[in-house]
Trainee: 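First, the structure itself, so that you have it in front of you.
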Amino acid sequence: MEQFAGFAIPGVPYGCTYAIVAVGLVLTYQATGVFNFAFAAQAYMSAFVFTLLTEHEHMPVLLAFFLSVVVLAPVVGLAMDRFLFRKIPNTNTTAKVVTGLSLLVGIPALLPVLFGNENLYNTPSLVFNPNVVYFHLFGSPINGIYMSTIIVTAAVLVAVVALMRFTNLGLQMRGAVESRRLVQLDGVNAGGVVAVAWAISSFLAGLAGVLLAPIYAQLQAQDYITLMVGAIAAAAWGVLRSMPIAALVSILIGVADTVAQGYLPTGSVLYSAVLPSLPFIVLVLALLFVPGMRSLDDAKDPLSSVDPPLPPRITASRVPQLDRIIRVLWYALLAGFVVSMLTWMPQNWENVFNSGLAFATIFLSITLITGMGGQLSLSQATLAGVGAFTAAQLANHLGLSMLVGGIVGAALAAVVAVVLALLSLRLKGLGLALMTLAAALFFDNTIFSQTSITNGQVGLALHHNWATPLNLINSNGHEFFIVAMVVIVVCVLVILQVRKGTVGMYLAAMRGSETASSGIGINLTWQKISIFALSGAVAGVGGTLLAIQQTVANSSQFNYQLSLAFVVIVITTGVGTVEGAIQAGISFVVMQQLLTYLPARFGGTSLVFVLFAFGAMNYAAHPEGILEFQKRRWTTRFERLLFKDKDAGSGLNPGGPTVPVSAAPGGVVVPGSSGGDYV
Amino acid sequence: MATMSDTSGSDTSGSGATGAEGGVFSGPGWPRMEPRLIGNPDPLLLVRGVSKWFGGVQAVQDVSLTVERGESVGLVGPNGAGKTTLFNCVCGQLQHESGSIEFDGVELDRLPTFKRARLGIGRTYQRVEVFSDMTVYDHLMVSERARMGTGRMWKDLLNLSSPTPEERSRVGAVLDLVGLADKADVPVSALGLGMCRLVELARALVGEPILLMADEPSSGLDVHETRELASVLRTLQHERGMAVLLVEHDLGMVGEVVDRAVVMDLGQVIADGPFDTVMANPEVRNAYLGVSA
């Protein structure tokens, strides 16, 4: 018993680090209706600025705390509310998740661009001295960091619960979560109430960030994101509503972790692979067994009918003459691209475009799963990795060509996707996003971390004979380009055929209303499994292509952060169309290449992610994607210019056989429809 | 809002619509009910002692009811009586805790919703459920395909999924019937609430249900449209032998459409019988009006 206590007690303060984040997440969800994926980024931002001010500018700790937590954090929270989340209808879960993810990707990438790419170490402790052991609990030393974490967590928990339960402001916050518009009709300044909620929750994020920073030797966003996922697991057991349960489960996770560390043999697989995944396993269990997590998105804004509907896709509504012209131009552009790649294109740019084609193939899997299937998956890079590592291992051990291995890899990725689909059958929206995120993290920590599978940080370097009979590696790139083009054309044809066929209709119905879809005889389970499998296979093929193009299969190419970034990138350009995915893939690599011409401080992938993240923030205003929005805009202009005398539909007036959405007489949006939810 | 098809007529007496004379039901796209179903003495829908709890609230308490083949039954009662919950239990969108449900001789209790639909249960919803990305025509086509369960990815990949002439004919017939033919290519997001209810009805009808379960179909419709809807429902019952289970607050419409009424209050059936008799029942009057006999 004493030994158990000796292992368990250190888990309490460790669990409190999860608890303070979990309480902040629950508060944000309860008070704003947004599951704030950006919470970790906000915490990291405050810690970053705090450390910068104290360590580099030598500012007093309290003043730095005031600026980074009391001022900066709430201001950023207010800005997030004012410019982003306020524009998103309550019922549009996808837009809220994507906007949160774009901030999670964008803020940590933006900070080095703004303040310089310096490593930050030794963040000072806010209250107690981290190097002093204040007392021993059952023989376990409690130092300053743990002291402050426990005390602040308890204080925050009491204060926030009291705010939500016993104050008028808390009552108004809970009402505004259901429907801002409805509480406004009761005379409540809903905008102000929600803004206060954002300020409070952002202050909490900043406080958590600064409080926990001394735990880490070096300040890195990655640590905060991992911490947040553990906190999500705890919050999930409280159905994102109960702060005391979230705090309790956080502490239990901490205790379970330290107890397991104490009892498990250090050299075992359980210790090295499963233990780091404990929070993700807890999250998966919560998603599977806590009934409330299956109905997170069931709440409907009673006034959702005032949200405008999305306009129909521009390709379905532009005048036929312009449609023909655009198709011809596309074919001409494609032919020009192919000829250029095979003739005069400089080799470095040919490599860039080849890499873009590989990314585009992975991105097409997002078009399938999210654009067509309406399922928000945050594990597409993981599925790509399954394909890539399978192909590389088959080449390494059996001498199988990567191209053949890629097919096996695609099949295995499809199987993994099917397992994920089976686990997620009863989930949708936020619940599904969390399940797929947990799966991606599980793979990162348990599968892709195994040296026998991925060869560790070095990765599996590809050899020439792995890509026989074609010379795909280290050549002038032509062979790879041709193979990649064939693959992408096949993938596009498959997607287009499925979309216009019966399964495409079933998926469109499923996106509109799962209730009505099953009510007319559609087997939702089968449709979900099918689209997950197809999407997984396409991702697996894309991952193999990427590994061949980069001549290495490395776990850093397929980690969960890239899964998040990929979703943000594709949704920025347009998740509903295949050209959106292709242009996302090409522009992703072209922008990286262009940034190499800028001074080093602005170069690299950081700014690419920042740019795409800012693009994704437009998702709230243009849920059809920037590409689709711009297409609509320019189509309208061209139609006015070229066909002004024609009495036909246009980008803004999708006529022809259809009635203009915005001009429909009494054009009421269907209650219960997804409103602005494009995917 | 467009009026419904002339074939469904302005005959609002409830004594049979003129739709059949227009040929809608006699064409190849709209087969009549099979004789074996009409002559079958067993009830079409048999609900026995069904109960459903939501936490501490018993929404449906030991409810039993039957719907005969080709019969039109009104399920009425005040708000919160458990009518929609019972609908959801029959369709499989909710799982009841006790009791059993049989449809056309098949035990439904373990069947998922989509299989129940394929048995011949059509459904419209209290809160409109339409597919926001689709046109009216697509709504009906997807329902037609779903009923047959013919959607296969390999068929799509081999380009074998184009609508057949029979499918087009059936969809066209239903669009004509409910008066939506001129709106076939309109996205439902451009339609008003009343139109969307008609789209829901058409979507249910194209699956050629043996039993149509309509949940407050007149909500959002004006008086004229409600009368025409009643006429269509009556026509479907008389001419095609389709059974109708109707939840509706517009008792005037219920009176026009149904042969029999079942009244629920607080999760229980409190009356069952001919509409006029049931409405005169003191317990029913008390439930509706709060006045005792």
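Bear in mind that the values here come from a model prediction, so they are computed numbers and not experimental data. Proteins come first, then strands; the chains are lettered A, B, ... in the order of their sequence lines, and each starts at number 1.
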Trainee: Working to the nearest 0.5 angstrom, can you tell me the gap between A:T515 OG1 and B:Y125 OH?
Mentor: 6.5 Å

Trainee: Please flag which part of B:R116 lies under 4.5 Å from any non-hydrogen atom of chain A: side chain, backbone, both or neither.
Mentor: neither

Trainee: Side chain from CB out, backbone as N, CA, C, O: work out which of these in B:M134 comes under 4.5 Å of a heavy atom of chain A, or both, or neither.
Mentor: side chain

Trainee: Considering residues at least two apart in sequence or located in another chain, which fulfil the side chain to side chain donor-acceptor pair (under 3.5 Å) criterion with A:K631?
Mentor: A:E579

Trainee: Are the side chain of B:D133 and the backbone N or O of A:A508 linked by a donor-acceptor pair below 3.5 Å?
Mentor: no

Trainee: Which members of residues 529-539 of chain A, sorted by number, sit under 4.5 angstrom from chain B on a heavy-atom basis?
Mentor: A:S530, A:L534

Trainee: Given the rule in the side-chain contact (heavy atoms from CB on, under 4.5 Å) test, do B:R147 and A:I520 qualify, once you have shown the distances and angles that lead to the verdict?
Mentor: CA-CA 7 Å; B:R147 175 181 66 95; A:I520 60 171; over 6 Å; no

Trainee: Side chain, backbone, both or neither: which part of A:T525 has a heavy atom under 4.5 Å from chain B?
Mentor: neither

Trainee: Can you pull the ring pair (Phe, Tyr, Trp, His ring centres under 6.0 Å) pairs that have at least one residue in residues 138-157 of chain B, sequence neighbours excluded?
Mentor: B:F131-B:H139

Trainee: Restricting to ring-ring contact (aromatic ring centres under 6.0 Å, His included), what partner residues turn up for A:F629, sequence neighbours left out?
Mentor: A:H622

Trainee: Can a donor-acceptor pair be found, under 3.5 Å and without considering hydrogens, that links the side chain of B:R123 to the backbone of A:G519?
Mentor: no

Trainee: So, the side chain of B:D156 versus the backbone of A:Q497: is there a donor-acceptor pair under 3.5 Å, distance only?
Mentor: no

